[in-house]
Amino acid sequence: MKGYPKNIKTVQDFINLLSTPVYKEKALLELQAIFDLQDDTAERATTLIDPNDESKGWNTEIIDNPMPLYKQKGFTSRQAVIALITEYERKAVKTKYPKR
């Protein structure tokens with residue numbers, strides 16, 4: 001791999017980046033953004049307000065998002081995202097100040 005990837009597709013990709021000191025901070029920021037993204041719901045268009053005039057818009061409804069970003073990346077829950085962040089932040093603290 002040359003440089004930081006444009007698209008990170010899986011949990012393992014994040015683990016690999018977090019294990020590389022050069023990319024660790026950027027990967028942690030991306031994980032935090034995934035955790036913070038509020039995409040648990042989505043808006044779905046159901047029917048036209050006026051079937052004869054599409055410019056009047058659509059009736060919509062809010063539904064549970066079947067594939068929020070954390071699921072697209074392979075995490076089972078938001079808590080799994082924060083667990084990975086916490087794990088690698090703790091590793092940074094442990095390696096920052098070695099025992100004497």
Side-chain angles (χ1 to χ4, degrees):
M1 175 176 71
K2 290 185 178 183
Y4 195 83
K6 291 181 183 177
N7 296 312
I8 303 170
K9 300 197 187 291
T10 66
V11 176
Q12 188 61 51
D13 290 345
F14 277 108
I15 292 170
N16 294 343
L17 290 168
L18 290 167
S19 299
T20 307
V22 177
Y23 303 129
K24 182 176 182 176
E25 286 303 314
K26 192 168 182 179
L28 284 171
L29 289 173
E30 287 199 32
L31 282 169
Q32 187 66 49
I34 290 169
F35 178 77
D36 292 340
L37 183 63
Q38 295 301 313
D39 62 345
D40 292 326
T41 60
E43 188 173 11
R44 175 173 62 184
T46 55
T47 58
L48 281 169
I49 292 173
D50 181 357
N52 298 322
D53 187 5
E54 193 172 314
S55 66
K56 289 187 179 179
W58 290 79
N59 290 314
T60 60
E61 65 181 351
I62 302 296
I63 60 168
D64 288 336
N65 186 356
M67 285 301 286
L69 186 57
Y70 71 86
K71 282 187 180 178
Q72 292 176 34
K73 300 295 182 185
F75 291 97
T76 55
S77 66
R78 284 191 195 285
Q79 285 63 38
V81 177
I82 203 69
L84 187 62
I85 292 170
T86 305
E87 177 185 344
Y88 277 88
E89 284 179 342
R90 284 189 191 144
K91 284 183 180 180
V93 171
K94 287 180 183 176
T95 59
K96 199 180 240 184
Y97 303 104
K99 292 182 180 179
R100 294 179 186 208

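Pro21 and Ser19 make their closest contact through CD-O, 3.5 Å (heavy atoms, listed as atom of the first residue, atom of the second, distance).
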Side-chain donor-acceptor pairs under 3.5 Å in residues 66-74, sequence neighbours left out?
residue: Gln72; atom: NE2; partner: Met67; partner atom: O; Å: 2.8
residue: Lys73; atom: NZ; partner: Ile8; partner atom: O; Å: 2.5

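In this structure, a donor-acceptor pair under 3.5 Å is present between the side chains of Thr47 and Asn59. Side chains of Thr60 and Glu43: a donor on one and an acceptor on the other come within 3.5 Å.
With sequence neighbours left out, the side-chain hydrogen bond (donor to acceptor under 3.5 Å, both in side chains) criterion links Asn65 to no other residue. Residues passing the side chain to side chain contact (heavy atoms under 4.5 Å, CB included) test with Ala80, sequence neighbours excluded: Phe75, Thr76, Ser77. Residues that satisfy the salt bridge (Lys or Arg N to Asp or Glu O under 4.0 Å) test with Glu54, not counting sequence neighbours, are absent from this structure. In terms of the side chain to side chain contact (heavy atoms under 4.5 Å, CB included) criterion, residue partners of Gln38 (sequence neighbours excluded) are, by chain and number, Asp40. For Asp64, there are no side-chain hydrogen bond (donor to acceptor under 3.5 Å, both in side chains) partners two or more places apart in sequence or in a different chain. Applying the side-chain hydrogen bond (donor to acceptor under 3.5 Å, both in side chains) criterion to Thr41, with sequence neighbours excluded, gives no partner residue. Partners of Asn7 under the side-chain hydrogen bond (donor to acceptor under 3.5 Å, both in side chains) rule, at least two apart in sequence or in another chain, do not exist in this structure. For Ala33, there are no side chain to side chain contact (heavy atoms under 4.5 Å, CB included) partners, not counting sequence neighbours. For Thr86, the side chain to side chain contact (heavy atoms under 4.5 Å, CB included) partners are Ile82, Arg90, not counting sequence neighbours. For the salt bridge (Lys or Arg N to Asp or Glu O under 4.0 Å) test, no residue two or more places apart in sequence or in another chain qualifies with Lys6.
Hydrophobic clustering (ILVMFWY, side-chain heavy atoms < 4.5 Å, transitive): Leu37 and Ile62 are in distinct clusters.
The line from CD1 of Ile34 to CD1 of Ile85 is 8.5 Å long, rounded to the nearest 0.5 Å. Between atom OG1 of residue Thr46 and atom CD of residue Glu61 there is a gap of 5.5 Å, rounded to the nearest 0.5 Å. Atom CD of Glu89 and atom CD of Glu25 lie 8.0 Å apart (nearest 0.5 Å). Rounding to the nearest 0.5 angstrom, the gap separating the CG atom in Leu18 from the CG atom in Asp13 is 11.0 Å.
Under a 4.5 Å side-chain heavy-atom criterion applied to ILVMFWY residues, the cluster that includes Leu29 comprises that residue alone.
Under the ring-ring contact (aromatic ring centres under 6.0 Å, His included) test applied with Tyr23, the options Phe14, Tyr4, Tyr88 reduce to a single match, Tyr4.
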